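Since this is a predicted model, take the numbers as computed values, not measurements.
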Amino acid sequence: MHYRLRSTLQGQAKQMFAYGRAETFLARCHGDRPPTAGKLAIKQARLLCVLPRYLFSPVGRGQWVRSFSMSAGRLAEEVSRRLPGR
């Protein structure tokens, strides 16, 4: 199956966020150990630190948005799993 990336940055961000959430959920369902919330938060902080390097390049900006969104999706799934009632 082939699934295309979205054509806008916002569309790509939404798609990669959903991929990150699904990847973490599936890893947990199949007995794999996804990264902890602490490691994911550190990755988010590192991505924010390198943001200025990628701002002025359309290609770099797209890569950064995809990486940040996927990492944010993983972190969101990991945090929501820890909330009571889930």
Donor-acceptor under 3.5 Å (Ser67 side chain, Gln63 main chain):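 Pair found, side chain donor or acceptor close to backbone of Gln63.
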Val65 with Met16, same ILVMFWY side-chain cluster at under 4.5 Å: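 No, Val65 and Met16 fall in different hydrophobic clusters.
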Same apolar cluster: Leu9 and Trp64, side chain cutoff 4.5 Å: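 Looking at the clustering, Trp64 is in the same group as Leu9.
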Tyr19 and Gln15: side chain donor to acceptor below 3.5 Å: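 Tyr19 vs Gln15: donor-acceptor pair found between side chains.
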Pair Ser71-Gln44, side-chain donor/acceptor within less than 3.5 Å: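 Yes - a donor-acceptor pair under 3.5 Å links their side chains.
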Testing the basics here: between [X] and [Y], what is the closest heavy-atom pair and its distance to 0.1 Å?
X	Y	value
Arg74	Gly20	CG-O, 3.5 Å
Gly62	Gln12	O-OE1, 4.3 Å
Gly73	Arg21	O-CG, 3.1 Å

Distance, nearest 0.5 Å, that separates OG1 of Thr24 from CG of Asp32: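 That separation rounds to 11.0 Å.
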Test side chain to side chain donor-acceptor pair (under 3.5 Å) applied to Arg28 and Glu23, Glu78, Glu77, the passing residue: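 Going through Glu23, Glu78, Glu77 one by one, the side chain to side chain donor-acceptor pair (under 3.5 Å) with Arg28 is satisfied by Glu78 alone.
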May I have the list of side-chain donor-acceptor pairs in residues 45-58 shorter than 3.5 Å, sequence neighbours left out?
{"unit_1": "Ser57", "atom_1": "OG", "unit_2": "Gly60", "atom_2": "N", "d": "3.1"}

Other cluster members, Phe17 - Ile/Leu/Val/Met/Phe/Trp/Tyr, side-chain contacts below 4.5 Å: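 Members alongside Phe17: none; it stands by itself.
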